[in-house]
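Written below as structure tokens is the structure these notes are about.
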Amino acid sequence: MNQYDVIVVGAGNGGLVAACSVAKAGYKTLLLEKHNLPGGCATSFVRGRFEFEAALHELCDTSTSPEADSVKKIFERLGVSVPLESEETLFRAVCPGEDGFDVRLRTGYDNFLADMEAAVPGCHDSVKALLDLNNVLDDAQDYMAGGSMNPAVLISKYPDFVRAASSSTDQVMNALGIPKKAQQILATYWGYLGVPTDDLNCLHYLSLLAAFVNSAPTMPRHRSHELSLDLVRVFQENGGEIRYNSEVTRFLYDKGACVGVAAGGDVFYAKKIVSNIIPNNVFNRSPADAVGKRDRKLANARELGMTFITFYIGLDAPMEELGIDDYSVFIMNDPDNRKQYNHRLDFGMYVVNCLNKVLPNASPEGTSMLFFTLPIMPGDLPEDLTAQTYKKFKNEFAEKYIRDYERVMGVQIMDHIEELVIATPVTFARYLATPDGCIYGYSNARWDSVVARTVAEPMELRIPNLYFCGGHSVRGDGYPSAYITGAMAADKVIKALKEGK
Amino acid sequence: MDNKPNLNSIKPAAFAGMMGRRLKAIATSSAAPVRDLYDYPANRLARELHPSKQYLRVAAIEAHSDDMKTYTLVPDKEKGTAALAWFSAGQYLVIALKVGGKACSRPYSISSSPAETLEGRYRLTIKRVADGTVSNHILDTWTVGTSVLASAPMGDFTYEPLRDAKTVVGVAGGSGITPFYAFAKAIAEGEEDFNLTILYGSRTLEDAVFSEEIKALAAACPRLRLVNVLSDVSKKPKDAEKGFITAALIKKYAPENEPYSVFLCGPQAMYNFVDKELEGLGLRRKFIRHELFGEYFHPENDAAYPENVAESFQLTVRIAGKSQTVACPRDTSLLRAMEAAGINAPADCRSGRCGWCHSQLISGEVFVPASVDGRRQADKLYGYIHPCCTFPLSDVVIDVPPLPYK
């Protein structure tokens, strides 16, 4: 009765795609979720007459553009069908001050280059060289997708790939001679990955940048909860069984191999287990001798990655009336993103999204919604924060940033707040149960870049029958990475099951 | 010579060093078990604020009348609750218990102040209501020492300084005074920072529990005021109003030249009456906040309710793979039908708002009154419901999450 081919632990983006993929391949699959909703971060919540997007800024790689690639393919293969609305402007980057800028960049190769050239005359050719580098990367990735990763072959056949893969984003931009101001504008997306570009792996950054340049960012019409429910639909239509309020409290082993889990007072067994939850939590729910010394040392060596403070604001006036023009605005208090990172609790950099720009009916007529995102790091919350001071801390923080937004953008929103929800790492710790409320798992800084993770993957997290997917996995942060690693884990599981392993 | 921008200045050989750095970082780190989840400050604080359950014990009972009592609840350390979770004034606890062997739960506003949690007590004030299964059970059976299973504090009927006006006119009806008593104490204690004028509707002054207590707080705190509004008196009493809480009365006590918020907590009849009155005041919607509506009864009275609906239907409930079919009359919510059949299903606010009962509608037609439909848009598209405010229009099959185990 409680025997399955595959058990997927956690119905986040990665877990949902993994579960759908193995169920679609015909395997009896159980998906266990601790919360009473699917999606993990991919969810929404209702306050008054507003339904707030909890996490998604935009999807990439999903549009109808022929350049759209990985996420689109995954959705098509699974039969995920959710109406997506696209946005032409990637972002507006605003950095007040003499050395600052106020730039809007559009999606599309030619548009993007034209907007960059207009912002920083003379940068066109070097920025083009950066974007074109992505083609070299694609070729090399195709080579590696074949399963081989011979460094000697890579260095001789794909030297620029190797250079980008082992350099920081700044190193590559400097080598290409990209003017400083253009570098600062191009670096805007660092906030999605939580690592400043003097450390951020160039290959990683470039794949993100290229995805946005090559295909328009999109948003689901009814928040990312719609994506999650559509994935559940696909899973159930393929015979999958999903169980909510069923936190996996123990991973079960036999002769060193993971053979099942305990959840909701029951035990479930399977040939393969896919964990969408972070290895730290798996290890803590496994007997000490089940986890190899190397994996324990790896988990202890890793730094936790980015988390956020977010404000979800319902306004009782339409965006036009308030003078809000953009979907996505990155506001920076210094053009240098290392300084933005260092001053991350003091207006360093934050993102403000107005969903009504992409989806005019996202909130009732006469209203609009704003979503503030402040990238911060685990451990950034004040040490003396207590249950009693928490609400005051949140409100003071939100007021400070709302005032700053009003000042920088020359708008007035404070008097229009009809709903306000403030989330912090404590909120994310509550809902995601990740260490210190980290969103994606581990930091992509220094030795733990996605390239290093990919190269090391065959040697790491080697518990038999157990596979991982999600932001903590090889692709790093973001919805697409979670979807892709979910599909990758499923491919491995299916291959192993077919081979009778 | 190649003048195109290129990467020639970067040595490809650096690639080889990348793995070396990783291996070194791993080799030099500790092989000890990974850090416990609750060793991280954010996780610890999250658990402190939102424990999955609170085990409490009745420590004292104060009877305001035969039909209304205040219970002082303290942590049950033996069962594992060492301290009470902090809350914001205006929040409620969901009490889970069994009546006649059948599991049920109800939300009750906390009438004590947040500061009192530090002294180890919550206070709940419970009033007898006609057909009030749970409230009446509590009034009839709870004694000092009774074990009580409660949720973490929840609800968003709270004062939010960035959203609400500096002055709040509270409209309280009957036992709806309880969150306002908590607000009043929190203001007097300096925990909350706003002005509060409570218009407290009751039949007689004797029915208006906590009036004296709140007036005593107001005597020492100029930010507070309480005005009794009495419906069953023959003439206007001194220091009180006669009649109902009307637009004119709200206007009389509201500040003249500055914005104010109106907070409402009371029976459904009061909401229906006062909401109509508020329409005449032209307040922006953001300045009107309601506590939970409470359970929805008589869906057949809703204008959108269809015609020719049969009297009763079969409700098939699947929980964790097990299936059970029970009767569900058309005027009974799916949640009530489950509870009547002894099925222990998730339920917290019972007002369509909190989403804890979120379940999947597998087949059948249902009616959800628009005024209490707190679902996400995609829930409606994909057939998910809140059983607490969903009524059958045909035989129905639903899949309900099991209660969390622990």
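Residue numbers start from 1 in every chain, and the chains themselves are labelled A, B, ... in the order their sequence lines are given, proteins ahead of strands.
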Structural part of A:Y431 lying under 4.5 Å from a heavy atom of chain B | neither
Is it true that A:R403 and A:E399 make a salt bridge, defined as a side-chain N closer than 4.0 Å to a carboxylate O?
-> yes
Compare every heavy atom of A:L176 with every heavy atom of B:P5, then report the nearest pair and how far apart it is.
-> CB-O, 3.3 Å
Side chain, backbone, both or neither: which part of B:S359 has an atom under 4.5 Å from a heavy atom of chain A?
-> neither
Interface residue of largest heavy-atom contact number with chain A, from B:R21, B:R284, B:E191, under 4.5 Å | B:R284
Do A:D316 and B:R285 sit within salt-bridge range, that is, some charged N less than 4.0 Å from a carboxylate O?
-> no
For each of A:D415, A:L420, A:L154, tally heavy-atom pairs with chain B at distances under 4.5 Å, and name the one with the top tally.
-> A:D415
Where on A:T434 is there a heavy atom nearer than 4.5 Å to chain B: the side chain, the backbone, both, or neither?
-> backbone
Between A:K391 and B:E160, does at least one N-O distance fall below 4.0 Å, as a salt bridge requires?
-> yes
Which atom pair, heavy atoms only, marks the closest approach of B:T158 to B:D164?
-> O-OD2, 3.7 Å
For chain B, the option from A:V46, A:D230, A:V451 that forms the most heavy-atom pairs under 4.5 Å = A:D230
So does A:E241 pair up with A:R243, basic N to acidic O under 4.0 Å?
-> yes
Is it true that A:K128 and A:D125 make a salt bridge, defined as a side-chain N closer than 4.0 Å to a carboxylate O?
-> no
State whether B:R289 and B:D156 are salt-bridged, where the test is any N-O pair (Lys NZ or Arg NE/NH1/NH2 against Asp/Glu carboxylate O) under 4.0 Å.
-> no
Any side-chain heavy atom of A:Y158 within less than 4.5 Å of one from B:P12?
-> no
Examine whether an atom of A:I178 lies under 4.5 Å from a heavy atom of chain B, and if so say whether it belongs to the side chain, the backbone or both; otherwise answer neither.
-> neither
May I ask you to name which of A:G314, A:G265, A:A129 has the most heavy-atom pairs under 4.5 Å with chain B?
-> A:G265
B:Y384, part contacting chain A, at a heavy-atom distance under 4.5 Å = side chain
Checking heavy atoms, do the side chain of A:V172, its backbone, both or neither come under 4.5 Å from chain B?
-> both
Which atoms of A:S228 approach chain B - backbone, side chain, both or neither, heavy atom under 4.5 Å | neither
Do B:Y260 and B:F287 have their ring centres less than 6.0 Å from each other?
-> no
Counting heavy-atom pairs under 4.5 angstrom with chain A, the leader among B:L23, B:L162, B:T28, B:L45 is B:L162
Let me know if B:S9 has heavy atoms under 4.5 Å from chain A in its side chain, its backbone, both or neither.
-> side chain
Which one, B:P41, B:A320, B:S88, B:P259, leads in non-hydrogen pairs under 4.5 Å with chain A?
-> B:A320
Minimal heavy-atom distance between B:A378 and A:L229, with the atoms involved, is O-CD1, 3.5 Å
Let me know if B:P346 has heavy atoms under 4.5 Å from chain A in its side chain, its backbone, both or neither.
-> side chain
Given A:R446, A:E226, A:E383, the one with more heavy-atom pairs under 4.5 angstrom with chain B than any other is A:E226
For chain A, the option from B:A27, B:C357, B:A85, B:P114 that forms the most heavy-atom pairs under 4.5 Å | B:A27
If you tally heavy-atom pairs under 4.5 Å between each of B:R47, B:K24, B:Q360 and chain A, the highest tally belongs to B:Q360
Interface residue of largest heavy-atom contact number with chain A, from B:R35, B:M19, B:R375, under 4.5 Å | B:M19
Heavy-atom proximity to chain A below 4.5 Å, by part of B:Q377 = both
